[in-house]
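For ligands, and for the atoms within them, numbers begin at 1 and follow the listed sequence.
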Amino acid sequence: MADTTLMDKLVSLCKRRGFVFQSSEIYGGLGSVWDYGPLGVELKKNVKDRWWDAMVHARDDIEGLDAAILMHPKVWEASGHVAGFTDPLVDCRQCKNRFRADDPRIKGTPGQPEAQCPVCGTRGSLTEPRMFNLMFKTFMGPVEESAAVVYLRPETAQGIYVNYLNVLQSSRQRIPFGIAQIGKAFRNEITPGNFIFRTREFEQMEMQFFVQPGTDAEWFERWREWRMEWHRSLGLDPAKLQWHQHAGSELAHYAKAAFDIQYQFPFGWQEIEGIHNRGDFDLGRHQEYSGKKLEYFDQAQNQRYLPNIVETSAGADRVTLTLLVDAYREEQVEGETRVVLGLLPSLAPIKAGVFPLVKKDGMPDVATTLYHDLRRQFACFYDDSGAIGRRYRRMDEAGTPFGVTVDGDTLSGGTVTVRHRDSMQQERVGLDQVAGYIKEKLGAGS
Ligand code: GAP
């Protein structure tokens with residue numbers, strides 16, 4: 001399968017099966033904004049739950065937080081986003097299109113007579129680069145004036161920094177400790193694209209770990225290891241995961257050191273998570289701009305200091321896309337193409353499809369009763385329309401690991417068939433044992 005078509009096939013499957021739809025589609029869509037359908041919302045929720053379990057529930061040293069999207073505008077001055085969260089842009093005076101100054105399609109140097117617009121081809125029509133801030137602005141209250149400007153947060157991290165003392169004191173944690181948060185972030189990206197890879201509205205799963213200065217490099221290495229392990233635990237092909245270290249020129253304004261975890265997408269190696277050693281940049285700046293002391297008093301060492309921060313920052317949408325890309329496969333089965341999403345069962349949006357073989361002989365009644373019983377325990381889908389083979393195929397495309405079919409032997413012998421998505425093997429399981437059987441499989445290495 002050519003890689004260029006894989007993304008097209010995936011976008012089409014996502015729409016067909018209800019994973020992801022274009023935002024405001026009936027109005028022609030809104031650029032690089034996407035909506036999650038019934039299966040997509042479950043898949044992304046499973047990603048977020050798994051992250052939350054690993055970061056918050058499984059650890060004694062990390063607390064959760066859900067800070068507001070809107071924050072005091074001074075937060076973004078202190079964070080450096082007002083001054084530094086910018087991309088250089090050029091306009092074409094002829095066709096009015098706008099590009100990043102480093103757009104590889106531009107021939108020549110923007111602002112110079114020989115430079116050529118990549119869309120209309122006019123020479124000399126591109127302006128000199130101008131800096132463009134990626135934050136979305138809006139107004140708080142009834143008056144649209146500069147004093148009322150607020151921003152939609154471009155990262156969730158700042159909500160953690162400004163709450164760090166609140167969390168520290170109320171949870172009675174001691175340094176080293178972390179704060180984890182999942183939430184929406186917004187960036188007016190100039191070159192968004194590749195489906196849900198780079199969008200203007202997205203969700204981040206961020207954790208800020210507060211440590212004693214001097215121990216930051218050591219914690220940074222630990223977190224690098226733990227985060228890579230987490231991505232591997234999602235069942236991703238390990239050969240498609242790699243590290244990318246930021247060179248000095250690539251480092252964000254807040255970072256002392258940074259590594260990206262990259263995945264090999266059909267459109268190249270790209271970042272899915274960043275691990276950053278932010279030093280004391282953030283707390284130092286918030287202390288300066290707010291005028292409030294943000295130091296920590298270390299009783300054991302009788303020492304006062306501004307903690308350093310190690311950040312792990314992953315995109316929930318990007319991880320969801322990674323899972324979809326990694327799981328997509330096509331197989332030839334009896335002369336037909338079978339499309340399968342080989343998701344880890346624990347991440348699959350639907351765990352089991354329940355089917356009466358035919359719509360007669362009491363099979364729908366038994367299947368419906370079974371379905372109602374199973375859906376109390378895990379996500380299920382009931383389907384009685386079309387040939388059984390087609391119903392299996394629909395579930396294969398949705399990534400559903402188990403298909404449970406009620407047939408003639410169910411009525412006479414009290415057993416059903418359980419079909420496995422990957423092997424397509426079927427086995428007979430007692431009607432009263434199906435729930436336990438599937439739960440056991442979901443728990444085992446998944
Ligand atoms: N707080 C640090 C921070 O925000 P980042 O590298 O700009 O760092 C972290 O973003 C992660 O957020 C990325 O690895 C990616 O997964 C996700 N992300 C960033 N911009 C995104 C966008 N426009 N669309 C989707 N996900 C995005």
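Within the 4.0 Å heavy-atom criterion, neither part of Trp34 lies near ligand 1.
In terms of N/O distances under 3.5 Å, ligand 1 is not approached by Ala157. The shortest N/O to N/O separation between Glu155 and ligand 1 falls below 3.5 Å. In terms of polar-atom proximity, defined here as any N/O pair under 3.5 Å, Glu206 does make such a contact with ligand 1. For ligand 1, the polar-atom distance check finds no N/O of Ala314 at less than 3.5 Å from any of the ligand's N/O atoms.
Remark: distances from the non-hydrogen atoms of Ile272 to ligand 1 include one below 4.0 Å. At least one heavy atom of His276 sits under 4.0 Å from some atom of ligand 1. Between Arg278 and ligand 1 there is a heavy-atom distance shorter than 4.0 Å.
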Checklist entry - Arg329 and Asp422: salt bridge (charged side-chain N to carboxylate O under 4.0 Å, His left out), yes or no, with the steps? => result CA-CA 11 Å; Arg329 63 171 195 265; Asp422 297 327; 3.0 Å; yes
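Remark: side-chain polar atoms of Arg227 are not paired, donor with acceptor, to backbone N or O of Gly274 under 3.5 angstrom. A donor-acceptor distance shorter than 3.5 angstrom exists from the side chain of His253 to the backbone of Ser79, with no hydrogens or angles considered. Checked by atom type and distance alone, the side chain of Gln22 never pairs as donor or acceptor with a backbone atom of Gly29 at under 3.5 Å. Under a 3.5 Å cut-off, the side chain of Asp216 and the backbone N or O of Val211 do not form any donor-acceptor pair.
In this structure, Tyr437 and His420 have perpendicular ring planes: the angle between them is above 60°, well past the 30° mark.
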Would you give me the side-chain donor-acceptor pairs under 3.5 Å for residues 12-20, sequence neighbours excluded?
residue, atom, partner, partner atom, Å
Ser12, OG, Arg16, NH1, 3.2
Lys15, NZ, Glu25, OE2, 2.7
Arg16, NE, Glu397, OE1, 3.3
Arg16, NH2, Glu397, OE1, 3.3
Arg16, NH2, Glu397, OE2, 2.8
Arg17, NE, Glu397, OE1, 2.8
Arg17, NH2, Glu397, OE1, 3.2

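Ligand 1 places these atoms under 4.0 Å from at least one heavy atom of Glu311: 1 (N), 2 (C). Close approach of ligand 1 to Glu273 is summarised as follows: ligand atoms under 4.0 Å from at least one heavy atom of the residue are 14 (O). Ligand-side atoms of ligand 1 in range of Tyr254: 2 (C), 3 (C), 8 (O), range being under 4.0 angstrom from any heavy atom.
Nearest to atom 7 (O) of ligand 1 among the protein's heavy atoms is Arg187 NH1, 2.8 Å. At the top of the distance list for atom 25 (C) of ligand 1, counting protein heavy atoms only, stands Phe197 O, 3.2 Å. Of the protein's non-hydrogen atoms, the one nearest atom 18 (N) of ligand 1 is Phe202 CE1, 3.6 Å. With respect to atom 24 (N) of ligand 1, the closest heavy atom belonging to the protein is Thr199 N, 3.0 Å. What sits closest to atom 17 (C) of ligand 1 on the protein, heavy atoms only, is Gly315 CA, 3.8 Å. Of all protein heavy atoms, the one lying nearest to atom 10 (O) of ligand 1 is Gln204 NE2, 3.5 Å. At the top of the distance list for atom 15 (C) of ligand 1, counting protein heavy atoms only, stands Arg318 NH1, 3.4 Å. The shortest contact between atom 14 (O) of ligand 1 and any protein heavy atom is with Glu271 OE2, 2.6 Å.
Seen from the ring of Phe99, Arg105 does not count as a face-on cation partner, given the 6.0 Å and 45° thresholds.
Within the structure, salt bridge (Lys or Arg N to Asp or Glu O under 4.0 Å) contacts touching residues 35-44 (residues at least two apart or in different chains) are Lys44-Glu203, Lys44-Asp317.
Side-chain polar atoms of Asp282 and Tyr254 form no donor-acceptor pair below 3.5 angstrom. Counted by atom type alone, Ser313 and Glu273 present zero donor-acceptor pairs between their side chains at under 3.5 Å.
Results of the ring pair (Phe, Tyr, Trp, His ring centres under 6.0 Å) test with Phe177 over Phe210, Trp219, Tyr296 single out Phe210 as the only residue that passes.
Compare Ser313, Ala258, Ala185, Ala316 by their heavy atoms: the one nearest to atom 11 (C) of ligand 1 is in Ser313.
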